[in-house]
S.K.: 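Structure provided below as structure tokens; questions to follow.
None of these values were measured; they are calculated from a predicted model. Count residues from 1 along the sequence.
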Amino acid sequence: MPKPNLFGQEDLIGCPDCDLLVKKSHLKKGYNLACPRCGALLLKSRHNSIDRTLALSLSGLLLFFPACFLPLLNFKVLGYSGKCTMVKAAVQMFASGYWWMGFLVLFCSILVPFIVLCILFFISFSAKMGRYPAIIVKTLKAYHHLAEWTMLDVYMLGILISLIKMKDYGEIYNGLGLYSFIGLLAMVILTMLSFDSHHVWEQLEGNS
């Protein structure tokens, strides 16, 4: 039997756009729940969410270190040759006095994606095993706060701009890190899309 919430009603969900309280219903495969007032998406049916999130987050973690430490670009520009990695770029910004920009690159493009992948792997692995430790509630809340700070796509845009601007001044070659980075970007996006936090919350409520 569903548990009543603070308003004395059963299984209500608030619309993030217009604050309308809508009664939740069991979603069939391929169906979504939308707000009847403004049409905002409230719930989305995700098939095999736990299995897919577990596989995608593990793949992302395997790609993370090659993406961070292997060269993204090898270049020879105006007689100068060098290699660029994600970590080296952040360190170079700190060394050049652009500490705020270096912090953003380090935080949004390296630390947050890694933490998000670890959180989603931990949650999906726990759900797969049917075990829900007390810390999982804090990790779920942390995920919702950190998800908005994952900006690998912005970093990818910066790489593309660098390729376009520098190609006329010398030779630029793609490094193995670039392919790992593209794979990491895809894994982070797909992992976040496949994760169904509502399903996990329901499982936590059922075990409480």
Side-chain angles (χ1 to χ4, degrees), residues 16 41 43-73 83-94 100-160 162 174-205 207:
L41 181 64
L43 291 176
K44 186 175 182 180
S45 174
R46 293 180 172 90
H47 184 59
N48 291 333
S49 171
I50 298 301
D51 292 336
R52 289 193 297 170
T53 303
L54 181 61
L56 290 169
S57 60
L58 179 58
S59 300
L61 289 172
L62 292 176
L63 288 169
F64 179 80
F65 291 100
C68 288
F69 294 100
L70 290 180
L72 297 172
L73 300 174
K83 299 178 181 179
C84 177
T85 68
M86 290 181 65
V87 174
K88 185 178 180 180
V91 172
Q92 188 63 38
M93 288 180 184
F94 280 111
W100 180 244
M101 184 65 68
F103 171 77
L104 287 177
V105 171
L106 184 66
F107 181 73
C108 297
S109 300
I110 299 177
L111 292 180
V112 172
F114 179 70
I115 295 173
V116 165
L117 286 173
C118 288
I119 287 175
L120 293 182
F121 176 79
F122 169 71
I123 293 174
S124 58
F125 181 78
S126 299
K128 182 69 175 178
M129 300 300 293
R131 299 177 180 177
Y132 297 92
I135 196 175
I136 201 170
V137 174
K138 293 183 179 180
T139 57
L140 272 169
K141 293 180 179 179
Y143 165 72
H144 288 296
H145 288 295
L146 290 173
E148 298 178 355
W149 289 93
T150 303
M151 299 183 182
L152 286 175
D153 50 343
V154 179
Y155 198 96
M156 186 68 210
L157 182 61
I159 294 175
L160 293 176
S162 299
N174 299 335
L176 292 177
L178 180 61
Y179 302 107
S180 299
F181 178 81
I182 294 173
L184 174 63
L185 173 61
M187 291 301 104
V188 170
I189 293 175
L190 292 175
T191 303
M192 295 174 66
L193 288 176
S194 66
F195 180 60
D196 188 353
S197 61
H198 292 285
H199 174 71
V200 178
W201 283 115
E202 289 174 356
Q203 294 298 316
L204 286 172
E205 291 177 359
N207 292 335

S.K.: Compare every heavy atom of S57 with every heavy atom of L117, then report the nearest pair and how far apart it is.
M.R.: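 It is O-CB, 3.9 Å.
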S.K.: Starting at NZ of K141, measure out to OG of S197 and round the result to the nearest 0.5 Å.
M.R.: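 Atom-to-atom, K141:NZ and S197:OG are 13.0 Å apart.
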S.K.: Take the angle between the ring planes of F65 and F114 and call it parallel below 30°, perpendicular above 60°, tilted in between.
M.R.: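 Perpendicular.
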S.K.: Taking all non-hydrogen atoms of both residues into account, name the closest pair between I50 and K128 and its distance.
M.R.: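 Looking at all heavy atoms of both residues, the closest pair is CG2-N, 3.9 Å.
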S.K.: With a 4.5 Å cut-off on side-chain heavy atoms, are V137 and Y132 touching?
M.R.: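 When only atoms from C-beta onward are counted, V137 and Y132 do not touch, as no gap falls below 4.5 Å.
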S.K.: For the backbone of D196 and the side chain of S49, can you confirm whether one donor and one acceptor N or O come within less than 3.5 Å of each other?
M.R.: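 Judged by distance alone, yes, a pair lies under 3.5 Å.
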S.K.: Where is the tightest heavy-atom contact between T150 and P113, given as atom of each residue plus distance?
M.R.: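 So the minimum-distance heavy-atom pair works out to CG2-CG, 4.0 Å.
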S.K.: Quick one: does S180's side chain get under 4.5 Å of F69's, heavy atoms only?
M.R.: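 S180 does not reach F69 side chain to side chain.
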S.K.: Going from CG on L140 to CG on L120, what distance comes out if it is rounded to the nearest 0.5 angstrom?
M.R.: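 Reported to 0.5 Å precision, the distance equals 9.0 Å.
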S.K.: Under 4.5 Å between any side-chain heavy atoms of V116 and F195, yes or no?
M.R.: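 The answer is no; the side chains never approach within 4.5 Å.
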S.K.: With a 4.5 Å heavy-atom cut-off, do P66 and L176 have their side chains touching?
M.R.: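 Contact flag for P66/L176 side chains = no.
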S.K.: Would you say CZ of F94 has more than 12 non-hydrogen atoms from neighbouring residues, nucleotides or ligands within 6.0 angstrom?
M.R.: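 Counting other residues, nucleotides and ligands, CZ of F94 exceeds 12 neighbours.
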S.K.: Could you check W149 against I115 for side-chain contact (heavy atoms from CB on, under 4.5 Å), going step by step and ending with a plain yes or no?
M.R.: CA-CA 11 Å; W149 289 93; I115 295 173; over 6 Å; no
S.K.: Quick one: list whatever passes side-chain hydrogen bond (donor to acceptor under 3.5 Å, both in side chains) with S124, sequence neighbours left out.
M.R.: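 Expected list: none.
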S.K.: When rounded to the nearest 0.5 angstrom, what distance separates CG in L54 from OG in S59?
M.R.: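 Result: 9.5 Å between the selected atoms.
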S.K.: Measure the CG-CD1 distance between L73 and I159 for me, rounded to the nearest 0.5 Å.
M.R.: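 It is 6.5 Å, given to the nearest 0.5 Å.
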S.K.: If I compare all heavy atoms of M93 with all of M101, which pair ends up nearest, and what's the gap?
M.R.: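 The answer is SD-CG, 3.5 Å.
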S.K.: Considering non-hydrogen atoms only, spot the tightest contact between M86 and A67 and give its length.
M.R.: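 M86 and A67 have their closest heavy atoms at SD-O, 3.5 Å.
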S.K.: Looking at CG of L63 and CG of L185, how far apart are the two atoms once the value is rounded to the nearest 0.5 Å?
M.R.: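 L63 atom CG to L185 atom CG measures 11.0 Å (nearest 0.5 Å).
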S.K.: Using side-chain heavy atoms (C-beta onward) and a distance below 4.5 Å, is I119 in contact with L146?
M.R.: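 Side-chain contact under 4.5 Å: yes.
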S.K.: If you compare all heavy atoms of M192 against all heavy atoms of A147, which two are closest, and at what distance to 0.1 Å?
M.R.: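 Answer, listing the atom of M192 first, then A147: CE-CB, 3.6 Å.
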S.K.: Hey, what do you get for NE2 (H144) to OG1 (T139), rounding to the nearest 0.5 Å?
M.R.: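 Between atom NE2 of H144 and atom OG1 of T139 there are 9.5 Å.
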S.K.: For residues F64 and I110, determine if any side-chain heavy atom of one lies less than 4.5 Å from a side-chain heavy atom of the other.
M.R.: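 They are in side-chain contact.
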S.K.: Run through L62, I189, L152, L61 and flag the one making a side chain to side chain contact (heavy atoms under 4.5 Å, CB included) with L184.
M.R.: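 Going through L62, I189, L152, L61 one by one, the side chain to side chain contact (heavy atoms under 4.5 Å, CB included) with L184 is satisfied by L152 alone.
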S.K.: For F103, which residues count as a ring-ring contact (aromatic ring centres under 6.0 Å, His included) partner, sequence neighbours excluded?
M.R.: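 Partners of F103 by the ring-ring contact (aromatic ring centres under 6.0 Å, His included) criterion, ordered by chain and then number, come out as W100, F107.
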